[in-house]
Amino acid sequence: MILKKIMTAALCLFGAVTMQAQTTGEYSGKMVAEEGAWCWFADPRALHYESEDKAINATYIGYIDSHGSIKATQVDWKTNKTSEVLIRSWFQPDDHDNPAFLVLPDKRIMIIYSRHTDEAAFYYRISKRPGDITALGEEKRLATSANTTYPNPYILADDPEHIYMCWRGIGWHPTVAQMSMPDANDDVRFTWGPYQMVQSTGARPYAKYMCDGKSKIYLAYTTGHPDNEQPNWLYCNVFDINDKSLYDLKGTKLSTVQNGTFKVEKTDTYKSSYPYTVVDAPTDKRDWIWNMAFAKDGNPVIGLTRINSAKTVHDYYYAKWNGAAWKVSFVANGGGQFHLTPGVEMCYSSGMAIDRDNPNIAYCGVPVDGTYGKKHEIWKYTLSDDGTVTSSEAITKNSRKANARPFVIEGTQNSPLRLTWMNGDYYYWIVSSRYKEGYPTSIMSDYALPITTTASKGFSASVDLTINQSAYGGKILTLNGVEYGVDASSKKPYIIIDGTRHDSQNVLATADSWKYHQGTTDGKWLTPELLKKWNLTITYDATQKRLTTYRNGIIDQQVDCVLKGKPALTVNEAIGTIHKQQTFKKALSQDSVKKLVREVR
């Protein structure tokens with residue numbers, strides 16, 4: 001009997017080790033974007049949308065690079081075409097500023113983003129065409145009453161005339177508001193709120209949200225930041241849009257939001273008074289939340305980490321509500337911080353994501369010894385209905401750099417692209433003089449995106465140039481009667497077609513100036529770092545009757561128009577130095593444009 005127990009224990013130990021044993025070969029995923037990162041509290045950071053009439057079937061993945069450019073990749077599964085779009089240049093270079101997506105009732109895509117803590121405003125752009133973000137409307141600014149970080153937008157069936165937005169807002173706490181749908185000018189306004197939902201004893205509760213699609217928004221949140229709270233508890237409530245009230249998971253009303261906040265504590269007295277609001281109440285651990293999902297029985301499940309007092313041991317757990325209580329089950333050890341800067345943000349785990357389409361699947365970033373030393377790899381864990389791990393497999397292996405912050409795109413059961421994550425040498429969440437490199441990571445996925453090199457009927461022109469820094473403005477070139485230039489005041493490009501001017505929303509600059517200043521979230525807009533040597537490519541697709549401008553290979557503007565003739569290019573050499581210019585009797589694909597850019601670099 002003793003021998004049998006010893007053998008059983010040995011087998012269990014062996015199993016725990018082999019769950020993170022490395023396999024041969026090298027794999028860090030398929031490239032989505034060479035430069036990009038995200039935090040894990042603004043969502044959905046990626047979205048899959050299939051319209052009921054089947055006319056739209058697309059995936060959108062958003063991110064921000066360390067130059068302060070907010071971008072998104074769109075995969076149109078109807079045309080099998082990938083597009084990368086510049087949403088906003090010269091933004092605060094901070095990974096907390098990644099965009100969130102929302103499908104509007106008219107099938108257009110709304111892209112929402114904000115600065116990290118230091119500006120009371122959201123920004124957003126809306127696609128000009130249903131389901132297609134390659135042409136975006138004017139950037140809009142929606143002022144708020146307080147701190148604005150981590151947008152989470154929803155449209156629910158019980159009130160389809162409004163948008164409900166949740167974010168870290170008033171008092172750095174979970175905040176909710178009702179917003180109007182965009183009007184004819186794409187303007188939205190607050191129609192109820194904003195209101196702070198809860199009040200914690202901690203300074204900064206961190207919240208994740210999900211909705212049931214009908215009337216309820218679930219919010220799970222911590223006492224505060226795990227750096228500052230020891231222990232750090234985890235709570236869960238439900239906000240009902242019908243009566244604008246907060247409930248516990250048993251349906252007991254906790255507060256009417258507009259009449260005041262619901263106060264939470266990490267005390268035995270509070271836990272005894274509100275037992276159905278507490279998910280996890282550790283005595284010696286620092287909890288942090290990663291995501292939420294609905295189990296097969298409709299009850300919520302939560303992915304979280306428990307971090308030790310020294311912040312050196314991060315363990316992933318799967319918490320499931322069974323209708324009466326939360327069961328919290330161990331999934332995997334996540335090691336410690338995933339990034340390369342010692343002594344800061346030590347609670348930054350590699351990350352955990354539950355598959356909302358199959359909530360018995362979780363993906364975690366775990367440290368594994370491989371060809372290039374110990375790196376955080378993405379592992380897939382299959383769990384039983386009670387949260388017990390039944391099997392595991394490596395998704396990435398022998399990676400040269402760390403993998404982190406996995407995200408499973410909801411609604412992709414029948415789509416080949418389901419899982420995305422970050423890969424690279426991550427140093428810090430914002431670029432500054434102290435952390436000049438910031439977060440130079442890539443966005444990866446589990447599926448190779450479609451590549452299009454076939455040209456379309458039409459023409460193209462490509463110019464490598466350096467604009468005079470002292471006189472940054474004026475006409476750059478003329479292509480078949482279309483003038484392309486940069487406005488001397490705003491430093492934004494423009495296109496003039498048949499006398500009509502179309503202004504870009506993106507300054508012809510980066511936020512690289514941030515790396516020379518000590519400030520972080522200080523509310524300042526630093527001087528734009530004007531582009532020096534760069535590539536401008538313009539294509540005209542004669543079949544679609546569409547002109548597209550590319551800035552270093554990324555789509556900036558699209559204008560529908562009718563142009564004729566062979567490519568006739570005139571470059572204004574007085575504006576600066578022209579390093580190279582080419583014309584093509586075809587409309588180049590974006591992949592071909594990016595190849596031109598890589599050849600220049």
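Quick caveat: nothing in here was measured; it's all calculated off a predicted structure.
- Between the side chains of Gln558 and Thr134, at least one donor-acceptor pair of N or O atoms lies under 3.5 Å.
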Start with the C-alpha gap between Asn535 and Ser462, add the side-chain angles, then the distance that decides, and say whether side-chain contact (heavy atoms from CB on, under 4.5 Å) holds. CA-CA 7 Å; Asn535 173 271; Ser462 181; 3.0 Å; yes
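- Ile241 contributes atom CD1, which lies 12.5 Å from atom OH of Tyr154 (distance to the nearest 0.5 angstrom).
- Of the N and O atoms on the side chains of Asp94 and His116, at least one donor lies less than 3.5 Å from an acceptor on the other residue.
- Partners of Val188 under the side chain to side chain contact (heavy atoms under 4.5 Å, CB included) rule, at least two apart in sequence or in another chain, are Met110, Tyr124, Leu142, Met179, Ser180, Pro182.
- At most 12 non-hydrogen atoms from other residues, nucleotides or ligands lie less than 6.0 angstrom from NZ of Lys475.
- Closest non-hydrogen pair, Ile289 versus Thr222, comes out as N-CG2, 4.3 Å.
- Between Tyr316 and Ser349, the closest heavy-atom pair is OH-CB, 4.0 Å.
- Remark: the Ser470 side chain and the Asn468 side chain contain no N/O donor-acceptor pair separated by less than 3.5 Å.
- Applying the ring pair (Phe, Tyr, Trp, His ring centres under 6.0 Å) rule to Phe122 yields the partners Trp167; only residues at least two apart in sequence or on another chain are considered.
- In this structure, Tyr150 and Tyr206 have tilted ring planes: the angle between them lies in the 30° to 60° band.
- When only modelled atom types and interatomic distance are considered, Glu35 and Tyr63 share no side-chain donor-acceptor pair under 3.5 Å.
- A distance of 8.0 Å separates CE in Met444 from CG in Asn403, rounded to the nearest 0.5 Å.
- Annotation: ring pair (Phe, Tyr, Trp, His ring centres under 6.0 Å) contacts of Trp40 (sequence neighbours excluded): Trp288, Trp290, Tyr348.
- Although no hydrogens or angles enter the test, the distance criterion places no donor-acceptor pair under 3.5 Å between the side chain of Asp503 and the main chain of Lys492.
- Closest of all the heavy-atom pairs between Ile87 and Pro99 is CD1-CG, 4.4 Å.
- Of the possible donor and acceptor atoms, one in the side chain of Gln337 sits under 3.5 Å from a partner among the backbone N and O of Thr341.
- Between Tyr235 and Thr223, the side chains place a donor N or O and an acceptor N or O closer than 3.5 Å (distance only, hydrogens not considered).
- A donor-acceptor pair shorter than 3.5 Å can be found between the side chains of His579 and Thr466.
- Residues passing the salt bridge (Lys or Arg N to Asp or Glu O under 4.0 Å) test with Asp287: none are found, sequence neighbours excluded.
- Legend: residues meeting side chain to side chain contact (heavy atoms under 4.5 Å, CB included) with Ser513, ordered by chain and number and at least two apart, are Leu526, Glu529.
- Contact of the Val408 side chain with the Arg418 side chain is registered, since non-hydrogen atoms from C-beta on lie closer than 4.5 Å.
- Between Thr191 and Gln178, the side chains place a donor N or O and an acceptor N or O closer than 3.5 Å (distance only, hydrogens not considered).
- Contact annotation: the side chain of Tyr435 never approaches that of Thr520 to less than 4.5 Å [non-hydrogen atoms, C-beta and beyond].
- Taking the six-membered ring for Trp and the full ring otherwise, the centers of Trp90 and His67 sit at least 6.0 Å from each other.
- Salt-bridge check for Asp132 with Lys107: failed, with every basic side-chain N at 4.0 Å or more from each acidic carboxylate O.
- Look at Asp425 and Lys401 and you find a salt bridge, because one of the NZ, NE, NH1 or NH2 atoms lies within 4.0 Å of a carboxylate O, short of that distance.
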Determine, stepwise, if the pair Trp38 / Arg405 fulfils side-chain contact (heavy atoms from CB on, under 4.5 Å). CA-CA 8 Å; Trp38 51 48; Arg405 298 179 181 172; 3.6 Å; yes
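- Phe91 and Tyr123 have their aromatic ring centers within a separation under 6.0 angstrom.
- Between Glu138 and Lys140 there is a salt bridge, since a side-chain N of the basic residue sits under 4.0 Å from a carboxylate O of the acidic one.
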side-chain hydrogen bond (donor to acceptor under 3.5 Å, both in side chains) between Gln557 and Tyr494, intermediate numbers included: CA-CA 9 Å; Gln557 289 179 272; Tyr494 64 81; over 6 Å; no
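- Heavy atoms from other residues, nucleotides or ligands lying under 6.0 Å from CZ of Arg141 number more than 12.
- Ion pairing between a basic and an acidic side chain is recognised when a charged N comes within 4.0 Å of a carboxylate O; Lys71 and Asp65 show such pairing.
- Here Asn147 pairs with Thr117, Thr149, Arg168, Trp172 under the side chain to side chain contact (heavy atoms under 4.5 Å, CB included) rule; sequence neighbours left out.
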side-chain hydrogen bond (donor to acceptor under 3.5 Å, both in side chains), that's the test. Do Glu377 and Thr396 meet it? Break it down for me. CA-CA 5 Å; Glu377 306 283 3; Thr396 65; 2.5 Å; yes
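- In this structure Arg204 satisfies the salt bridge (Lys or Arg N to Asp or Glu O under 4.0 Å) test with no other residue, sequence neighbours excluded.
- Checked against side-chain hydrogen bond (donor to acceptor under 3.5 Å, both in side chains), Ser504 has the following partners two or more places apart in sequence or in another chain: Asp556.
- The side-chain tip of Arg434 does not point at the ring of Tyr428 from less than 6.0 angstrom away and within 45° of straight on.
- Across every non-hydrogen atom of Cys39 and Asn98, the tightest pair is N-OD1, 3.2 Å.
- In this structure, Trp534 and Leu508 have side chains that are in contact, with non-hydrogen atoms separated by less than 4.5 Å.
- Under 4.0 Å is where a charged nitrogen must lie from a carboxylate oxygen, and between Asp227 and Lys311 at least one such pair does.
- Between Arg189 and Asp187, none of the side-chain N atoms (NZ, or NE/NH1/NH2) sits under 4.0 Å from a carboxylate O, so this pair counts as no salt bridge.
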Any chance you could lay out the side-chain hydrogen bond (donor to acceptor under 3.5 Å, both in side chains) test for His173 and Ser200, step after step, and finish with the verdict? CA-CA 8 Å; His173 278 60; Ser200 173; 4.8 Å; no
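- Under the side chain to side chain contact (heavy atoms under 4.5 Å, CB included) criterion, Lys594 pairs with Glu84, Ile554, Gln590, Arg598, sequence neighbours left out.
- Applying the salt bridge (Lys or Arg N to Asp or Glu O under 4.0 Å) criterion to Lys81, with sequence neighbours excluded, gives no partner residue.
- Remark: Tyr426 engages Phe338 in a ring pair (Phe, Tyr, Trp, His ring centres under 6.0 Å) (not counting sequence neighbours).
- Side-chain contact between Ile56 and Pro130 is present, with heavy atoms from C-beta onward closer than 4.5 Å.
- If you take CD1 on Ile409 and CG on Leu47, they are separated by 8.5 Å, rounding to the nearest 0.5 Å.
- The ring pair (Phe, Tyr, Trp, His ring centres under 6.0 Å) check on His162 picks up nothing, with sequence neighbours excluded.
- A salt bridge does not link Arg125 to Glu139: none of the charged nitrogens lies less than 4.0 Å from a carboxylate oxygen.
- Nearest heavy atom pair, residue Tyr427 against residue Pro440, reads CD1-CD, 3.9 Å.
- Other residues, nucleotides and ligands contribute more than 12 heavy atoms inside 6.0 Å of the CD atom of Gln469.
- What you find for Asn291 and Lys208 is that their closest heavy atoms are CA-CE, 3.8 Å.
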